[in-house]
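For reference, the structure is listed below as structure tokens.
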Amino acid sequence: MAPRERPRDADVDERVLQATTELLAGHGYGGLSTDEVAERAGIAKATLYRRRPAKDHLALAVIARLRSHDEITDTGDIRRDLTDYMERIAAGLNRMRVAGRPPGQESRSAGTVAELVAAMTLLEQLAGALCYRVLITGNPVDRACAERLVNAALDGAL
């Protein structure tokens, strides 16, 4: 007989998402810390890592939560329905963009959204280059190769 696992506590998931949302709003993606999320959520770091093993997982969970309320309405007019949907997505992204700024100090900067997109883009570039090298060319990846990949990606991003 297999051992029974304890059911997942939805309240813990909610506290994790709330803590992540607060940290993203106050400090942006660069200031998001898994240790701080665990502390604010009142859980052990091991509990957090079982749910969301890295800070990008936390940020994406917050974005997915924001997007989960954005359903495409079917009125029979696809142009109108898609336009409405895009408008709702843009409003959500704008809320993320100005998150953490004092009222009245909005700017045209992309803020948190730009940080998230830049981090995801950078990781995709690195993962793509790594997969190509290992899976397509069969060449090994040592520390020197990893450093060249990271330097090339950061030089391009910065």
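Every heavy atom of this structure was used, including side-chain atoms; hydrogens, water molecules and symmetry mates were not.
Other residues, nucleotides and ligands place more than 12 heavy atoms under 6.0 Å from the CD atom of Gln18. Crowding of Leu135 atom CG: a count of heavy atoms from other residues, nucleotides or ligands under 6.0 Å exceeding 12.
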Go through the steps for Tyr132 and Thr137 under the test side chain to side chain donor-acceptor pair (under 3.5 Å), then give the verdict.
CA-CA 7 Å; Tyr132 179 82; Thr137 70; over 6 Å; no
Starting from the C-alpha separation in whole Å, work towards a yes-or-no answer on side chain to side chain contact (heavy atoms under 4.5 Å, CB included) for Asp56 and Tyr29.
CA-CA 9 Å; Asp56 59 328; Tyr29 182 75; 3.4 Å; yes
Under the criterion side chain to side chain contact (heavy atoms under 4.5 Å, CB included), I'd like the reasoning laid out for Arg50 against Thr47: C-alpha separation, chi angles, the key distance, then a yes or no.
CA-CA 5 Å; Arg50 277 194 299 274; Thr47 301; 3.4 Å; yes
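Closest approach of Val16 to Leu48, counting heavy atoms only: CG1-CD1, 3.7 Å. Ala153 approaches Leu126 most closely through the heavy-atom pair CB-CD2, 3.8 Å.
Pairs engaging residues 143-154 under the side-chain hydrogen bond (donor to acceptor under 3.5 Å, both in side chains) rule: Arg143-Glu147 [sequence neighbours left out].
Following chains of ILVMFWY side-chain contacts shorter than 4.5 Å, one can reach Leu154 starting from Leu130, so the two form part of one hydrophobic cluster.
Rounded to the nearest 0.5 angstrom, Gln125 CD and Leu149 CG are separated by 11.0 Å. A distance of 8.5 Å separates NZ in Lys55 from OG1 in Thr34, rounded to the nearest 0.5 Å.
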Throw together a table of side-chain donor-acceptor distances under 3.5 angstrom for residues 39-46, partners on residues two or more places apart or in other chains.
| residue | atom | partner | partner atom | Å |
| --- | --- | --- | --- | --- |
| Arg40 | NE | Glu36 | OE2 | 2.9 |
| Arg40 | NH1 | Glu22 | OE1 | 3.4 |

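Evaluation of the side-chain contact (heavy atoms from CB on, under 4.5 Å) rule for Val134 yields Val141 as partners, not counting sequence neighbours.
Between the side chains of Asp81 and Thr75, a donor-acceptor pair is found at a separation under 3.5 Å.
Evaluated for a side chain to side chain contact (heavy atoms under 4.5 Å, CB included) with Leu24, the options Val37, Val62, Leu58 yield exactly one hit, Val62.
Between the side chain of Arg133 and the backbone N or O of Pro140, at least one donor-acceptor pair lies under 3.5 Å.
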